[in-house]
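The structure under discussion appears below in the form of structure tokens.
Indexing begins at 1, ligand by ligand and atom by atom, following the structure's order.
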Amino acid sequence: MTPSETAPAQPRTSIPGAQLERVPVLIFDQAGRMARQVARRVANLIEEGRTVGKPVVLGLPTGSTPIDVYKELIRMHRDEGLDLSGVVTFNLDEYYPVNPKSLQSYHRFMRENFFDYVNIPEENIHIPRGDLLPEDVEAYCRAYEHAIAEAGGLDLLLLGIGRSGHIGFNEPGSGPETRTRLILLDEITRKDAASDFFGEENVPRQAITMGVGTILDAREIILMATGEHKAPILRRAVEEEPNRSVTATYLQLHRNATFYVDRAAAGELTREKTPWLVRQVTWDKALAKRAVIWLSGKLDKAILRLEAADFYRHHLHELLHAYPTVDHLTREVFEDLRQRIRYRESLPARQRVILFSPHPDDDVISMGGMLDKLASNENDVTVAYMTNGSVAVFDGDVRRHLRFVSFSRHALALENDIGEKLEARKNRIFAFLDEKKPGAVDTEEIQQIKAHIRYAEAIAGIEVLGLGDENARFLDMPFYKTGTVRKDPIGEDDVQVVLDLLKEINPTHIFVAGDLSDPHGTHRMCYVAIREALKRYNSTRQAGGDGAQPPERPLVWLYRGAWQEWEIHRADVFIPLSKADLDRKIEAIFKHESQKDRAMFPGAYDEREFWERARDRNAATAAKLNKLGLPEFYAAEAFVTGYAL
Ligand code: F6R
């Protein structure tokens, strides 16, 4: 594309409320539908190319976002005969330096997630190489550009977006003039990649990437974004003028670039977050509540102190007109919130409860206060730890625990030949760990030991809250047991494990981590398994199951994982916590020693330990309620209830 072909950066959409958006954005309720639509577009292009006998040149990304698109294309190839023999591909980027065979290489990623399952000829596949000598990189990058041009240019380029705003690996500072080159990775990108590399220190500092200019030369561009962790950067990419701090803003200069996003990623766009500012809305109670809470926060004024003029000055006059007076509106919202505050006495008592905890620590980090109260209320509580959490345990912890067993040989009656076997096994494991390369997969036995370290910590955690061994179940779901950070998809076996537990306990209440932000993260996958199992469980219950009196369907409570809390307007229940409550919760979190001081996957730009995050988040919820004019609690947890999964 020549510069004269670029479009002016201005709103290019007729979607109501999207006038601040500088690039067309399509929002999908489900990430799965979005992926299918993108795959359909790719397939159509391939079919068109085939009809006219012209190869189709695709630009391809890696990462979590495009995986479902690749899956759908593989399905089309397998079930519908989609023929990809005329496709030529150029990948966007690759880490540098990296061995193409290593777990983290994009060569391996592309083969395992796409190329091994379709019929693109080997010679048509191009992926930047991360194993070049430094002195060869520059010429290689020029040759890569040349190869794209030789192939006729990119017909369609698929993109993800990093939380630094990068497209490809064009980090902040990259302008539209840049071409394929070696670049330094941004801190946030390296932190986001840390889990793939088993620690940030193992993430390469550099990468080879197509430039922004190379990207803009494509004839059509589709950028995809899913999950609420992408929402802040997506808003900047869509609503800010093109600028070097957010490279994705340059896509606004392209005539045929479209953003495909799920509702979570769209959450910070003005038309989604505060729709009343940009379009006429139909006011219902839920939207009125959201707007009043927003206004109260914006003006730093308690809800019952808001005046009519405050509404008029902030595009909320129509809302006001739906109520007889401003007091009717503010009182309705205030009372709604007040009634959602639940002390221990009004929480479930003497019921059968399952708390599904994706990892062995989400239970206490995310809802330790609630769990404490459920235990005090004499509920029959089962904490079901869904995955074993073994990938997040440092090797040093394995050595430490093995030394403990070795020291305690006599006390544990592990003497004579058993003691000798134990020593031999310990030495073998030590030798393996000494030789282990960063990012290498552990042996089966080490994975097991790591899982047991987490199990023992999980029980110690709930013991602080008055529960014990009999309350813990370790489901050890199969999808997690790859030994690496990348997981298998949820399968029938996973669903069955959850279904068996539901049938055994017949719970009246279940607690589920409602972290839907990362469509491929462990929390989301656990959620999917529970949703499927619950659907089957509820349908057998309705039919009366095996002739027994069907118990009621369990009430579903959603809590949020370690990273964020429900927004005030979305929460159905607030549980106030006193200082003593919060101290007990923190003590329970402390028992997860392998995750203390330095967690394996702390997340970008947040050095706080999990107990600090839990403390800050619970204190922040209490402070927000207080600012709205509700009582001043020390801390609070929030939940969404009655949710149909
Ligand atoms: C990967 C790439 C990156 C990713 C971006 C988002 O080839 O070019 O720009 O698209 O970092 O990654 P995910 O999809 O993992 O969130």
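Annotation: T65 places an N or O atom under 3.5 Å from an N or O atom of ligand 1; distance criterion only.
In summary, the atoms of ligand 1 found under 4.0 Å from a heavy atom of G160, numbered by their order in the structure, are 10 (O). Applying the 4.0 Å criterion to heavy atoms of I161 picks out, from ligand 1, the atoms 5 (C), 6 (C). For ligand 1, the atoms lying closer than 4.0 Å to a non-hydrogen atom of L92 are 8 (O). Which parts of ligand 1 touch P61 is read off a 4.0 Å heavy-atom cut-off, strictly below it: atoms 7 (O). Distances below 4.0 Å separate heavy atoms of G63 from the following atoms of ligand 1: 14 (O), 15 (O).
Look at D68 and R36 and you find no salt bridge, because none of the NZ, NE, NH1 or NH2 atoms lies under 4.0 Å from a carboxylate O. R454 and D361 are joined by a salt bridge, as a carboxylate oxygen and a charged side-chain nitrogen come within less than 4.0 angstrom of each other.
Distance check, rounded to the nearest 0.5 Å: CD1 of I221 to NE2 of H254 gives 4.0 Å. The distance from the OG1 atom of T209 to the CD atom of E94 is 11.0 Å, given to the nearest 0.5 Å.
Atom 16 (O) of ligand 1 has K230 NZ, 2.6 Å as its closest protein atom, hydrogens excluded (heavy atom only). D93 OD2, 3.2 Å is the protein heavy atom nearest to atom 2 (C) of ligand 1. For atom 15 (O) of ligand 1, the closest heavy atom belonging to the protein is S64 N, 2.8 Å. Nearest protein neighbour of atom 11 (O) of ligand 1, counting heavy atoms only, is H166 NE2, 2.6 Å. Looking from atom 1 (C) of ligand 1 to the surrounding protein, the closest heavy atom is T62 OG1, 3.1 Å. Shortest contact from atom 3 (C) of ligand 1 to any protein heavy atom: G168 O, 3.5 Å.
Using modelled atom types, one finds a donor on one side chain and an acceptor on the other under 3.5 Å when comparing S174 with R181. Neither side chain, E240 nor T249, offers a donor N or O lying under 3.5 Å from an acceptor on the other. Under 3.5 Å, the side chains of Y385 and D363 contain a donor-acceptor pair of N or O atoms.
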For this session: Run the numbers on M367 and R560 for side chain to side chain contact (heavy atoms under 4.5 Å, CB included), then give the verdict.
Result: CA-CA 8 Å; M367 51 169 286; R560 304 226 83 187; over 6 Å; no
For this session: Take S164 and E171 through the test side chain to side chain donor-acceptor pair (under 3.5 Å) and record every step on the way to the result.
Result: CA-CA 7 Å; S164 64; E171 299 293 14; 2.7 Å; yes
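Look at M224 and you'll find every heavy atom at least 4.0 Å from all atoms of ligand 1.
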